[in-house]
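What follows is a single structure, written as structure tokens, with notes after it.
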Amino acid sequence: MNEKVLSSKKNGMAVFLISLALIVAAFAGVLYSLILTGDSEEIVLPQIFIPCILWLCVGWLPFIGLRILKPQEALVLTLFGKYYGTLKGEGFYFINPFCTAVNPAAKTKLNQSGDVSSQSSVVNVSPVPQKQDLSNMRLSLKIMTLNNNRQKINDCLGNPVEIGIAVMWRVVDTAKAVFNVDNYKEYLSLQCDSALRNIVRIYPYDIAPGVDTTGDGVADEGSLRGSSEVVADRIKNEIQTRVAEAGLEIIEARITYLAYAPEIAAVMLQRQQASAVIDARKMIVDGAVGMVEMALERLKEKGTVDLDEERKAAMVSNLLVVLCGNRDAQPIVNSGSLY
């Protein structure tokens, strides 16, 4: 269903003033007719009496067709069950008084900006029809932010991670949003959950060898923690393809929370610490070997001392112990002969 914007209906002020003037004129006409009838001995009503009475009876109908919209608001209208059109943009409108506004998501409250109500919901069980609340029937065309709940999802290595996203979205086609899906807010929330699961299952939490995250058959270094921008962009595109039929546009998607699940968080922390310790030790050993090699070469070049292979091995052992130890070395001074 295509959207039909009613752009030629901004004549609400003119209709309001004309209808109000006609009601005042009809009331004055009735009073004038009654005064003339009271002055005469016979009951003869002027010809304007009946039209004035009829207008007083039906003159309130044009006021029902008056609509006021604020900036970035829209109103989807139906006439006897058929799509009539959409009012968009701020202004004072006049439409068919028998048109009704439709918004299936009017009472849906999600964890998003502009859609959180602190009032408790009250179920109406009265058999008397209630007046239509136009403030709830309006569709907001502003950019909304949906803070999706944290989800526990297994990454491509099977590790459970907790992840949450924030999605910036807006309504671009009011007809599709109202008529193509039952409730576009709930539809968006469910599609966000589904798209998030599909994308997270492709990536590991951290860089892992032999993992292909792009689908080209070549292992890469993509990960949830290191490639957050790429992951967020793929989540956005995945959601957009799913909600296009609902007339929604996804502006941006961002990861707001990312961590290992509590049941493996401690183990993964120890694993990260062990990996960091190994990397640090490797760097220390590489540096120590380089320093020992440099010391031996300098001693040989300057001829400071002539060491045999056994003394060189002892010197290398002592230097490596000093350079690679966790604590400061305690020197022992030999006052005797080296030999």
Side-chain angles (χ1 to χ4, degrees), residues 1-13 15 64-79 81-97 99-119 121 131-148 165-193 195 232-233 235-254 256:
M1 180 174 292
N2 297 324
E3 183 183 57
K4 182 173 63 175
V5 180
L6 303 175
S7 57
S8 60
K9 300 292 182 180
K10 288 188 178 182
N11 47 11
M13 183 59 68
V15 173
I64 301 179
L66 298 176
R67 300 287 189 273
I68 299 177
L69 290 182
K70 300 176 183 177
Q72 295 298 320
E73 286 185 348
L75 203 62
V76 179
L77 304 171
T78 59
L79 182 61
K82 184 178 179 181
Y83 177 53
Y84 181 76
T86 301
L87 298 179
K88 270 187 175 182
E90 70 276 11
F92 195 6
Y93 296 87
F94 174 74
I95 58 174
N96 192 319
C99 288
T100 56
V102 181
N103 185 5
K107 296 183 180 180
T108 302
K109 302 299 180 183
L110 300 177
N111 186 23
Q112 63 181 9
S113 60
D115 199 25
V116 180
S117 176
S118 59
Q119 299 179 356
S121 58
K131 184 179 178 182
Q132 188 182 33
D133 189 1
L134 292 178
S135 61
N136 289 334
M137 293 301 167
R138 296 188 179 98
L139 276 73
S140 177
L141 303 179
K142 302 175 183 178
I143 297 177
M144 306 287 285
T145 302
L146 172 63
N147 294 319
N148 229 28
I165 60 172
V167 179
M168 277 63 77
W169 65 280
R170 63 182 174 186
V171 178
V172 293
D173 193 314
T174 57
K176 289 183 178 180
V178 172
F179 299 113
N180 282 9
V181 293
D182 182 60
N183 189 317
Y184 66 90
K185 291 182 180 179
E186 293 181 353
Y187 182 79
L188 172 65
S189 180
L190 292 176
Q191 295 303 326
C192 288
D193 294 343
D233 190 61
I235 293 174
K236 171 197 167 186
N237 295 333
E238 181 78 9
I239 299 173
Q240 181 63 69
T241 57
R242 294 170 179 265
V243 301
E245 287 298 321
L248 306 179
E249 179 187 2
I250 306 301
I251 307 297
E252 190 179 13
R254 289 296 178 201
T256 57

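This is a predicted model, so every value here is computed, not measured.
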Can you tell me if Tyr83 uses its side chain to pair, donor with acceptor, with the backbone of Lys4 under 3.5 Å? yes
Under 3.5 Å: donor-acceptor pair, side chain of Glu249, backbone of Ala244: no
Shortest non-hydrogen contact from [X] to [Y]?
X: Ala253; Y: Lys236; answer: CB-CB, 3.9 Å
X: Ile165; Y: Thr256; answer: N-OG1, 3.7 Å
X: Arg67; Y: Leu75; answer: CD-CD2, 3.7 Å
X: Arg242; Y: Gln191; answer: CD-OE1, 3.1 Å
X: Asn148; Y: Cys192; answer: ND2-CB, 3.7 Å
X: Pro71; Y: Glu90; answer: N-CB, 3.7 Å

Only counting residues at least two apart or in another chain, list the ones meeting salt bridge (charged side-chain N to carboxylate O under 4.0 Å, His left out) with [X].
X: Glu186; result: none
X: Arg254; result: Glu229, Glu252
X: Lys88; result: Glu3

Side-chain contact, heavy-atom cut-off 4.5 Å: [X] with [Y]?
X: Leu248; Y: Val172; value: no
X: Phe94; Y: Asn96; value: no
X: Thr86; Y: Val178; value: no
X: Leu77; Y: Tyr93; value: no

At what distance, to the nearest 0.5 angstrom, does CD of Gln72 lie from CD1 of Ile143? 8.5 Å
